[in-house]
Student: 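This is the structure, below, for whatever I ask next.
Heavy atoms only: backbone and side chains are in, while hydrogens, waters and symmetry mates are out.
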Amino acid sequence: MTKKKTGEDVEIPDRLYFKIGEVARIVQVKPHVLRYWESEFNVCPRKSKTNQRVYTRRDVETILDIKRLLYEEKFTIEGARRKLEEMESERDRQLGLPFNDSKYLSLLKTLKRELMSIRKLLH
């Protein structure tokens with residue numbers, strides 16, 4: 001189990017994917033709050049074959065950050081959104097990934113288009 005610091009230690013089970021009810025229990029918020037945060041923040045769970053939301057471990061960590069910013073640090077939704085973007089940018093810099101540079105973003109978009117066209121050819 002990994003512990004993610006918030007106001008208290010929160011244990012995230014050592015798994016790759018989580019259903020919405022599991023995430024709600026881990027984060028200690030109602031599922032409708034998670035669905036609302038999806039619409040306000042860059043949290044996009046995948047859909048399973050049974051059309052259920054499936055969150056990644058990274059999604060759960062982001063949701064814990066959102067809860068901390070909103071509930072403990074008293075950010076507004078907009079302020080928390082900006083703070084999360086800053087945190088993500090800082091993580092990229094720490095990893096040495098210059099993705100904020102428009103040249104690299106353009107290259108990534110081009111690469112994505114080319115990969116999508118290859119994918120279409122293969123199907």
Student: Excluding sequence neighbours, so at least two apart, what forms salt bridge (Lys or Arg N to Asp or Glu O under 4.0 Å) with Arg46?
Tutor: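 Counting only residues at least two positions away or on another chain, Arg46 forms no salt bridge (Lys or Arg N to Asp or Glu O under 4.0 Å).
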
Student: State which residues pass salt bridge (Lys or Arg N to Asp or Glu O under 4.0 Å) with Glu40; sequence neighbours excluded, sorted by chain then number.
Tutor: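 For Glu40 the salt bridge (Lys or Arg N to Asp or Glu O under 4.0 Å) partners, ignoring immediate neighbours, are Arg81.
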
Student: With a 4.0 Å cut-off, would you call Glu85 and Arg82 a salt bridge?
Tutor: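 Not counted as a salt bridge, because no side-chain N and carboxylate O are separated by less than 4.0 Å.
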
Student: Not counting sequence neighbours, list each pair that qualifies as a salt bridge (charged side-chain N to carboxylate O under 4.0 Å, His left out) and has a residue in residues 112-123.
Tutor: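 Qualifying pairs, neighbours excluded: none.
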
Student: Atom CG in Asp65, atom CD in Glu61: separation rounded to 0.5 Å?
Tutor: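 Going from the CG atom of Asp65 to the CD atom of Glu61 covers 8.0 Å.
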
Student: Please enumerate all residues that pass side-chain hydrogen bond (donor to acceptor under 3.5 Å, both in side chains) together with Ser117, with sequence neighbours excluded.
Tutor: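 Partners of Ser117 under the side-chain hydrogen bond (donor to acceptor under 3.5 Å, both in side chains) test: none.
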
Student: What distance do Ile63 atom CD1 and Ile26 atom CD1 have between them, rounded to the nearest 0.5 Å?
Tutor: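 One finds 9.5 Å between CD1 of Ile63 and CD1 of Ile26.
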
Student: Report the C-alpha distance between Lys19 and Glu22 in whole Å, list the side-chain angles of each, state the deciding distance to 0.1 Å, and finish with yes or no for salt bridge (charged side-chain N to carboxylate O under 4.0 Å, His left out).
Tutor: CA-CA 5 Å; Lys19 292 181 182 178; Glu22 296 166 321; over 6 Å; no

Student: Decide yes or no on side chain to side chain contact (heavy atoms under 4.5 Å, CB included) for Ile20 and Gln52, but give the supporting numbers first.
Tutor: CA-CA 8 Å; Ile20 192 168; Gln52 292 182 340; over 6 Å; no

Student: Give, for atom CG of Leu64 and atom CD of Gln28, the distance between the pair rounded to the nearest 0.5 Å.
Tutor: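 Rounded to the nearest 0.5 Å, the CG-CD separation comes to 9.5 Å.
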
Student: Linking Ile, Leu, Val, Met, Phe, Trp and Tyr by side-chain heavy atoms under 4.5 Å, what else ends up with Leu16?
Tutor: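 Cluster partners of Leu16: Tyr17, Val54.
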
Student: Do Pro45 and Glu38 have side-chain heavy atoms sitting under 4.5 Å apart?
Tutor: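 Counting from C-beta outward, Pro45 and Glu38 do come under 4.5 Å.
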
Student: Arg25: which residues meet the salt bridge (Lys or Arg N to Asp or Glu O under 4.0 Å) condition with it, sequence neighbours left out?
Tutor: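 Listed in chain order: nothing, the list is empty.
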
Student: Can you check side chain to side chain contact (heavy atoms under 4.5 Å, CB included) on Leu34 and Tyr55, steps first, answer last?
Tutor: CA-CA 11 Å; Leu34 294 174; Tyr55 295 83; 3.9 Å; yes

Student: Between atom CZ of Arg68 and atom CZ of Phe75, what is the distance when rounded to the nearest 0.5 Å?
Tutor: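 Separation between the atoms: 8.0 Å.
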
Student: Can any side-chain N or O of Lys67 pair as donor or acceptor with the backbone N or O of Val27 at less than 3.5 Å?
Tutor: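 It does hold such a pair.
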
Student: Thr62 vs Phe41, test: side chain to side chain contact (heavy atoms under 4.5 Å, CB included). Steps then yes/no.
Tutor: CA-CA 9 Å; Thr62 299; Phe41 299 94; 6.0 Å; no

Student: Might you point out which heavy atoms bring Ala80 and Leu70 nearest each other, and give the distance in Å?
Tutor: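 Smallest interatomic distance, heavy atoms only, reads CB-CD2, 3.9 Å.
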
Student: Do the side-chain N and O atoms of Asp59 and Thr56 include a donor-acceptor pair separated by under 3.5 angstrom?
Tutor: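 The criterion, which ignores hydrogens and geometry beyond distance, is satisfied for Thr56 and Asp59.
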
